[in-house]
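For this chain, numbers begin at 1 and follow the sequence in order.
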Amino acid sequence: MTDVVLYGIPNCDTVKRARAALTAAGYKHEFHDFKKSGVPLQAAALWLTQCGWQQLINRQGSTWRKLSDAEKEAVQDERSALALMQSQPSVIKRPVIRWPDGSITVGWDDAVRARVS
């Protein structure tokens, strides 16, 4: 059984660091590649419920910056954020991690790194 599911894209440096840290800490984990497998609708709905769309959308990344002003302005709630996440998976802040207890973390900040240690 998988302890952890890590969602992201394989060429993202942050995702690479997270995967390496999980492995080094002894976590058995599954990697879900947004590029190959898309964003699972049920999982994304859970992320939105637990974390909120503002935390999930990476407004600092190149994918967001490449969106038109109209596309950016259209993201105003969970529904519109989910539609954007489905059509542009790279706009999701990475990594998204589902832990054994069912909780979700977004990103690779000090708190998440401490949880792995």
request  = Sort and list the pairs that fulfil salt bridge (charged side-chain N to carboxylate O under 4.0 Å, His left out) and have at least one residue in residues 59-69, not counting sequence neighbours.
outcome  = none
For Arg79, side-chain contact (heavy atoms from CB on, under 4.5 Å) partners two or more places apart = Asp77
Please list, one pair per line, the donor and acceptor atoms closer than 3.5 Å that link side chains of residues 37-56 to other protein atoms, with sequence neighbours excluded.
from	atom 1	to	atom 2	distance (Å)
Trp47	NE1	Ala43	O	3.3
Thr49	OG1	Ala45	O	3.0
Gln50	OE1	Ile104	N	3.0
Gln50	NE2	Gly102	O	3.2

task = Given side chain to side chain contact (heavy atoms under 4.5 Å, CB included), test Val116 with Trp99 step by step and report yes or no.
result = CA-CA 10 Å; Val116 172; Trp99 297 94; 3.5 Å; yes
Which atoms form the tightest heavy-atom contact between [X] and [Y], and what is the distance?
X: Val112; Y: Asp109; answer: N-OD1, 3.0 Å
X: Pro100; Y: Val4; answer: CD-CG2, 3.9 Å
X: Ser90; Y: Lys35; answer: OG-NZ, 2.9 Å

message = Is the ring pair His32/Tyr7 parallel, tilted or perpendicular, if the boundaries are 30 and 60 degrees?
response = tilted
note = Sorted by chain and number, sequence neighbours left out, salt bridge (charged side-chain N to carboxylate O under 4.0 Å, His left out) with Asp110 holds for Arg113
task = State which residues pass salt bridge (charged side-chain N to carboxylate O under 4.0 Å, His left out) with Asp101; sequence neighbours excluded, sorted by chain then number.
result = Arg115
request  = Take Val75 and Val91 through the test side chain to side chain contact (heavy atoms under 4.5 Å, CB included) and record every step on the way to the result.
outcome  = CA-CA 12 Å; Val75 180; Val91 79; over 6 Å; no
task = Given side chain to side chain contact (heavy atoms under 4.5 Å, CB included), test Arg94 with Leu6 step by step and report yes or no.
result = CA-CA 9 Å; Arg94 300 175 297 270; Leu6 187 146; over 6 Å; no
Donor-acceptor pairs are to be reported for all side-chain atoms of residues 8-24 against protein atoms at under 3.5 Å, with residues two or more places apart or in another chain.
from	atom 1	to	atom 2	distance (Å)
Thr14	OG1	Arg17	NH2	3.2
Thr23	OG1	Arg19	O	3.0

